[in-house]
Structure formats: structure tokens, C-alpha cells
Chemist: 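Before I ask anything, let me first share the structure, which is written out below as C-alpha cells.
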Amino acid sequence: MRKLLIAGNWKMNPMPSPLDAYYPRSDIDVVVFPTFLDLKHCIDAGMLCGAQYAHAEDSGAHTGDIGMGMIKDLGCRYVLCGHSERRADHSETNEDVAAQAVAALEHGIHPIVCVGETEQERSEGREKSIVAAQIEALFQLSAFSSQLSIAYEPVWAIGTGKTARPEDAEEMHAFIRSLLPEDKRETTRILYGGSMKPDNCKALLSQPNIDGGLIGGASLKPEQFSTIVDIAVSLFPHSS
Ligand code: PEP
């Protein structure tokens, strides 16, 4: 059985307040991704935290970057790899993202690897080949472990208020699962991300291959995030 994971990506925003909604829960995993400035505060306050990014190399001439070992020492348990905003803003390739995932695993950090197609790629009917290439880059570096999760985040749904229809998201999640190594297929969590909100999360999280959510906008609103977490808890154990 896959434990649901609800992750809040605060992006480049100040910490929401109050923080009560963001603490660990017993039945599901709740993880937050604050800015680098706020990570220590959140870790010291007892939250399960991840970094929004870390470099594949441990140290060196990479001005403005931070290494996996550094975020591990700070107390991060998770890291996002290849969020579409980083792929776009920092030209991260599938290979860069796979290298980050390998580095995270080597440091005992759980990577959440983000994949997803743009609106144009979907309109051209290329969504599955795009996502398959993003997933297959992970195999080339043997970055596969059950300590890795995937987030399917259609780029057109991120921060736009447009959410994938639950049946379309489920179809893509089932496709992603079919690509995974057989021995990891049933244990790997595949999260959905893209305008997940209190009013649409139940339909998404009830799908058999959707094992949680990566939430941006709604994670900055404690009441909305807490409602999503409560709904996820009510769905546990997951129907898969
Ligand atoms: C995200 O940042 O990963 C995300 C899914 O954002 P939003 O929920 O705002 O679409």
C-alpha cells in the first residue's frame, strides 16, 4: 500500500502563517518546501521539510547553488528535482534532473522528480512521449529506488487554476507507472500537481494511481492546505 504524500511547495514566497496546518500527520506524509531562508526555522519547529532544489555536485564553483549534503546536514528529508519552473528558468535538462535525483539518493534524501508536458505538447498529442523521456532519463543514470517519488505536473495546470480532469490525470499516472521498473511499480508514489485545491483534491486523490499532491498556491493558504490534508487523511488507506 502506498502512503499518500501531500507536499506544499511555497516557491519564492514568505512562510505562511500560522504554521499549524503543516505539521506531520500519522496516516499520511505531509512535507513542506520553504525557501532556503525559511528551511531551518521549519525544520527546528518540527516540520518534515524538503528543499525546492539542490545541485547534483556536493560543492564547488557554482555561485548561488547549494549541495545535497548541505541540505541533508540542515535536516531536509526531501528535495524537488526538475520542477517545471526550474526547468524553464534555469534550463534544467532531463539529464540534469536525473543527476540531481542520483545525488539526492546518494545522500539519503528522497527526491520528488517532477515531470509534465506543456499545453502545446499536449495539443500536439505528444504528452506521453514527453513524459516518457523525462522518466527514462532517470533509468539511464540508474536513479531508481523506492525512495524516489514522481510528481506529474502538467505545466499548463501549474498556477493557472486549470486542473487536469481526474480521468486524464489517472490515465497519465497509470502510463507513468507502466514505465517504472517492475520491482518498483507498485511501491513508487506518483503525486499529481497543478492547481490542486480543496474543491478538486478528493476526485484527484481518489484515483487509484494518484498517491498524493504537490501543491503550490493552495499550500500558501493554511486553511486550504489543512482541508486538503484532512481530505487526504479521510481517503487513507488509499484504494490502490
Ligand atoms: C507547483 O508549484 O508544483 C504547483 C502545482 O502549483 P499550483 O498548485 O499553484 O498549480
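Everything quoted here is computed from the prediction, not taken from an experiment. Each residue takes its place number in the sequence, starting with 1. Every number for a ligand or one of its atoms is a count from 1 in the order of the listing.
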Chemist: May I have the step-by-step check of salt bridge (charged side-chain N to carboxylate O under 4.0 Å, His left out) for D29 and R189, ending in yes or no?
Modeler: CA-CA 11 Å; D29 287 330; R189 289 185 288 196; 2.9 Å; yes
Chemist: Is it true that a side-chain atom of T188 and a backbone atom of R185 form a donor plus acceptor pair closer than 3.5 Å?
Modeler: no
Chemist: Under the criterion side-chain contact (heavy atoms from CB on, under 4.5 Å), which of I210, N209, I176 is the partner of I190?
Modeler: I176
Chemist: Applying side-chain contact (heavy atoms from CB on, under 4.5 Å) between Y192 and each of P154, C201, P166, report the one that passes.
Modeler: P154
Chemist: Using a strict cut-off of under 4.0 Å between a residue heavy atom and any atom of ligand 1, list the qualifying protein residues by chain and number.
Modeler: N9, K11, H83, E153, A157, I158, G159, G193, G194, S195, L214, I215, G216, G217
Chemist: Assess the pair W10 and Y22: is the distance between their ring centroids shorter than 6.0 Å?
Modeler: yes
Chemist: Does R87 use its side chain to pair, donor to acceptor, with the backbone of C114 at less than 3.5 Å?
Modeler: yes
